[in-house]
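Here the structure is a predicted model, which is why all the values come from computation and not from measurement.
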Amino acid sequence: MPSIASLIPVASGLCPGDVTGIQPRRVRAVNDSIKGESCAPKDLGALDSCDIPRVKPEEGNEGVEREARVSTVELAARVHRLISRFRLSLRVAGYAALAVAPATIATGFDLPPKSADLSETDLKRVADVTRPTADFSKAEQYEAMQAGGATSVDPVTEDSFSHISANIPFEEEQNFKLGNALFRKLWVSSPSSTQASDGLGPLFNARSCMSCHVNDGRGKPPEGGPSAVSMFLRLSRAARTPEEEKAIASADILNFPDPVYGHQLQDLAVPGLAAEGRMTIRYDEQTVTLGDGETVSLRRPHYAATKLAYGPLDASTTISARVAPAMIGLGLIEAIPEADILAHADPDDANGDGISGKAAIVRDHRSGEIALGRFGWKAQNATVRDQNADAFANDIGISTPDHPKAHGDCTKAEEKCLAMPTGVQKRLGEEEAPGPILDLVTFYSENLAVPARRKASFPETLKGKRIFYETGCVSCHVPKFVTRRDSPEKAQSFQLIWPYSDFLLHDMGDGLADGQQVGLASGREWRTPPLWGIGLTRTVSGHSFFLHDGRARDLTEAVLWHGGEAEKARNAFSALSKDDRAALITFLESL
């Protein structure tokens, strides 16, 4: 089988003859849309990616790989020549300069100062390819293919977040489909005749992964309904003693649970057991006046835990509402070199631009080794597997090898919960979801494809992109990265991707503060969420609620909630004319 790992990016995904590893049905989907001499649909923003010489059929796989290597050098040189013609703005130049000394960010935590899997020549090529553009007259090369060769070009439907990465080998599709079935699996309480499916709870928030991530998309607030599925309350308190503070500083623990209700409020329970309580939300409306006199109403949420079945919360317990994030592109995020993320960190704001993103330092669940946090609203998990294991344990109450506690988030104070039967079947393993189940769900989660851009080369989109850069949004929403060449999953190896995130923690101000510390993240800090796929939220999830708790009812409200380090960018957005604001939103909707 031809190598998938030999291109930056792995071809554009737009010229079937140039693409290795893309499944035939997806190649046809692209090929069907080719018109005349165009290499791809104009609204995909494709540029000149069809002029790479074709390999002769008789040369076989070796010839394909040789062509790929040659075309990579030609592609990198072409991109470098293109970029070198541009006079970068002072903002972009300062942004790129952060790449010179990430080692200071990793001091004391032994994280790599540079990508160890690349030569100096390749490091320069990657720097050239990922440098922010200063030309907004046309789409950048391969910009429409947000996930490189893994990008899905399937038609836009409510299932747009549920497609397999386009460059997954055919023989691995079975694992994806099995993982999908387990992701959708409804767990039941113990004991049950369906012994491979029991073990739910005893206290829980959802019966399946899909219950929260409907269509693999974004969760939402309950909006007055009786159920808060896809949204829940995190519970925790801060450190009280020097020993506890040391445990957090050394990444041995993220925070401390409520002594009765644990790490999150579970509003569902198996038969014979009372649920812990209910989340209630009250909104206050507040009016924001923009620079041109237009007004926007923002809703400020107030959360409470009510109908508590096991007594009051501890006086020091904080509550924080979280909605389920979209599932796309997770494996590619994990494949970004640590050094490339650390290169954007500036915790002391050494360059004086008001942006002081810092890395989330956590521990890998299995190895216990120090790692870079990338997943979760406060970047509390280092890997997709860690994120999944947490969800199994806390959301569904299912034990895994990484979280072997069969009673989920039950605490010692919840004696009746601890006395309930579990779903552990010794003949199947020591946990309710043994290793192979967690492996398959992780594989599925890692390989959900990012959809191709829409209208990337349209004038209104390009205008909005320019404004996105000029207002400073790219200071945190970093446009692009190249994934590791030595990624264990070849489909994620050496891809040019466009997540629009730095995956760092930023102080977002009082408006978004939840007062809850999670590891090194304070009660005002949040991880920059990736923006790819954000324009398909309504199509996939049936709503347009954004931010960590869904308070924003559209993208304009989401921007206006930005504060702290993002205050300058928010103020710049507010000062725009109505047409310019609309252009910026058009750009976001194209992602």
(message) Quick one, His365 and Asp390 - any side-chain contact, counting heavy atoms below 4.5 Å?
(response) yes
(message) Checking the side chain of His407 only, and the main-chain atoms of Leu418 only, is there a donor and an acceptor separated by less than 3.5 Å?
(response) yes
(message) Would you say that His543 contacts Arg538 through its side chain, given a criterion of any heavy-atom pair below 4.5 Å between the two side chains?
(response) no
(request) Report the residues that fulfil side-chain contact (heavy atoms from CB on, under 4.5 Å) with Val540, sequence neighbours left out, ordered by chain and then residue number. (result) Ser160, Phe161, Asn215, Leu536
(request) Could you tell me whether the side chain of Lys480 and the main chain of Gln146 form a donor-acceptor pair under 3.5 Å? (result) no
(request) Kindly give the heavy-atom pair with the smallest separation between Val384 and Gly331, and that separation in Å. (result) CG2-N, 4.3 Å
(message) Contact between Asn167 and Gln495 at the side-chain level, heavy atoms closer than 4.5 Å - yes or no?
(response) yes
(request) For residues Ser211 and Arg207, report the shortest heavy-atom separation together with the two atoms involved. (result) OG-N, 4.0 Å
(message) Set out, in order, the CA-CA distance, both residues' side-chain angles and the distance that settles side-chain contact (heavy atoms from CB on, under 4.5 Å) for Leu268 and Asn205, then state yes or no.
(response) CA-CA 6 Å; Leu268 298 170; Asn205 292 106; 5.8 Å; no
(message) Can you tell me how the ring of His213 sits relative to the ring of Phe183, calling it parallel under 30°, perpendicular over 60° and tilted otherwise?
(response) tilted
(request) Count the heavy atoms of every other residue, nucleotide or ligand shown that sit under 6.0 Å from NZ of Lys307, and state whether that count exceeds 12. (result) no
(request) Nearest 0.5 Å please: distance from the CZ atom of Arg218 over to the CG atom of Leu547. (result) 8.5 Å
(request) Taking all heavy atoms of Thr411 and all of Tyr261, pick out the closest pair and write down the distance. (result) CG2-C, 4.1 Å
(message) Within this structure, what is the SG-CD1 distance for the pair Cys209 and Ile396, rounded to the nearest 0.5 Å?
(response) 4.5 Å
(request) Begin with the C-alpha distance, continue with both residues' side-chain angles, and end with the deciding distance and a verdict on side chain to side chain donor-acceptor pair (under 3.5 Å) for Lys185 and Ser197. (result) CA-CA 8 Å; Lys185 176 190 182 80; Ser197 297; 2.7 Å; yes
(request) For side-chain contact (heavy atoms from CB on, under 4.5 Å), just list the numbers for Lys378 and Arg527, CA-CA rounded to whole Å, side-chain angles, deciding distance to a tenth of an Å, and then say yes or no. (result) CA-CA 5 Å; Lys378 298 220 175 189; Arg527 180 199 71 154; 6.0 Å; no
(message) Donor-acceptor check, side chain of Tyr310 to backbone of Ala275, threshold 3.5 angstrom: yes or no?
(response) no
(message) So Val323 and Trp377, do their side chains get closer than 4.5 Å, heavy atoms only?
(response) yes
(message) Do Ser152 and Asp154 pair up side chain to side chain, a donor and an acceptor below 3.5 Å, judged on atom types alone?
(response) yes
(request) For side-chain contact (heavy atoms from CB on, under 4.5 Å), just list the numbers for Asp395 and Phe232, CA-CA rounded to whole Å, side-chain angles, deciding distance to a tenth of an Å, and then say yes or no. (result) CA-CA 9 Å; Asp395 300 349; Phe232 57 83; 4.0 Å; yes
(message) Pair Asp439, Arg385 - check salt bridge (charged side-chain N to carboxylate O under 4.0 Å, His left out), show working.
(response) CA-CA 8 Å; Asp439 291 341; Arg385 181 185 173 109; 2.7 Å; yes
(message) The test is side chain to side chain donor-acceptor pair (under 3.5 Å); show your working for Ser399 and Glu431 and say whether it passes.
(response) CA-CA 5 Å; Ser399 59; Glu431 301 86 19; over 6 Å; no
(message) Between Ser320 and Gln516, is there a side-chain donor-acceptor contact under 3.5 Å, judged purely by atom types and distance?
(response) no
(request) Say whether, by atom type as modelled, one donor and one acceptor occur between the side chain of Ser190 and the main chain of Thr422 under 3.5 angstrom. (result) yes
(request) Tell me, with the steps shown, if Asp409 and Gln264 meet side chain to side chain donor-acceptor pair (under 3.5 Å). (result) CA-CA 8 Å; Asp409 196 33; Gln264 69 190 54; over 6 Å; no
(message) Evaluate Arg237 against Asp314 for salt bridge (charged side-chain N to carboxylate O under 4.0 Å, His left out), listing each step before the verdict.
(response) CA-CA 9 Å; Arg237 65 169 176 83; Asp314 187 85; 5.8 Å; no
(request) With Arg551 as the cation and Trp561 as the aromatic partner, state whether NZ or CZ is under 6.0 Å from the six-membered ring centre and within 45° of the axis. (result) yes
(request) Check disulfide (SG to SG under 2.5 Å) between Cys410 and all other residues, then give those that pass, not counting sequence neighbours. (result) Cys417
(message) Run the side-chain contact (heavy atoms from CB on, under 4.5 Å) test on Ile333 and Phe481 for me, step by step, so that the C-alpha distance in whole Å, both residues' side-chain angles and the decisive distance to 0.1 Å come before the verdict.
(response) CA-CA 9 Å; Ile333 293 172; Phe481 289 91; over 6 Å; no
(message) Quick one, Arg184 with Ser208, criterion side chain to side chain donor-acceptor pair (under 3.5 Å). Give me CA distance, side-chain angles, the key distance, then yes/no.
(response) CA-CA 6 Å; Arg184 297 170 180 269; Ser208 72; over 6 Å; no
(request) Answer whether the closest heavy-atom distance between the side chains of Leu308 and Leu265 falls below 4.5 Å. (result) yes
(request) Mark yes when over 12 heavy atoms from residues, nucleotides or ligands other than Gln174 sit less than 6.0 Å from its CD; otherwise mark no. (result) no
(message) Quick check: do Gln517 and Ile248 have side-chain heavy atoms less than 4.5 Å from each other?
(response) yes
(message) Which label fits Tyr444 and Phe176: parallel for a plane angle under 30°, tilted from 30 to 60°, or perpendicular past 60°?
(response) tilted
(request) Can you measure from CD1 (Ile437) to CD (Glu432) and round to the nearest 0.5 angstrom? (result) 10.0 Å
(request) State, yes or no, whether a side-chain contact exists between Arg300 and Tyr283 at a heavy-atom distance under 4.5 Å. (result) no
(request) For Val482 and Pro337, work out which heavy atoms get closest and say how close. (result) O-CD, 3.3 Å
(message) When you measure from the side chain of Ser487 to the backbone of Lys490, do you find a donor-acceptor pair of N or O atoms at a distance under 3.5 Å?
(response) no
(request) Determine the minimum heavy-atom distance between Ala251 and Ile370, stating which atoms define it. (result) CB-CD1, 3.9 Å
(request) Kindly write out the residues that satisfy side chain to side chain donor-acceptor pair (under 3.5 Å) with Asp486, not counting sequence neighbours, or none if the list is empty. (result) Arg484
(request) Would you check if Ser236 and Ile319 make a side-chain contact, meaning some heavy-atom pair closer than 4.5 Å? (result) no
(message) Taking Glu143 first and then Arg453, would you say they form a salt bridge - that is, a charged N and a carboxylate O separated by under 4.0 Å?
(response) yes
(message) Closer than 4.0 angstrom, basic N to acidic O: yes or no for Arg524 and Asp507?
(response) yes
(message) Looking only at the side chains, is there a donor atom on one of Asp198 and Ser192 sitting less than 3.5 Å from an acceptor on the other?
(response) no
(request) For Ser445 and Val441, indicate whether the former's side chain and the latter's backbone hold a donor-acceptor pair under 3.5 Å. (result) yes
(request) Could you tell me whether the side chain of Arg322 and the main chain of Asp549 form a donor-acceptor pair under 3.5 Å? (result) no
(message) Could you tell me if Asp502 and Thr528 have a donor-acceptor pair between their side chains, going purely by distance under 3.5 Å?
(response) yes
(message) Strictly below 4.0 Å, N to O, side chains only: are Arg553 and Glu285 in salt-bridge contact?
(response) yes
(message) Donor-acceptor pair, distance only, cut-off 3.5 Å: does the side chain of His506 make one with the backbone of Met508?
(response) no
(message) Can you confirm if the aromatic rings of Tyr500 and Phe587 lie within a centre distance of less than 6.0 Å?
(response) yes
(request) Compare every heavy atom of Ser189 with every heavy atom of Val270, then report the nearest pair and how far apart it is. (result) CG1-CB, 3.5 Å
(request) Look only at the side chain of Arg374 and the backbone of Ile336, and say whether a donor-acceptor pair between them is shorter than 3.5 Å. (result) yes
(message) Quick check against the 3.5 Å criterion: does Thr483 have a side-chain atom that pairs as donor or acceptor with the backbone of Leu332?
(response) no
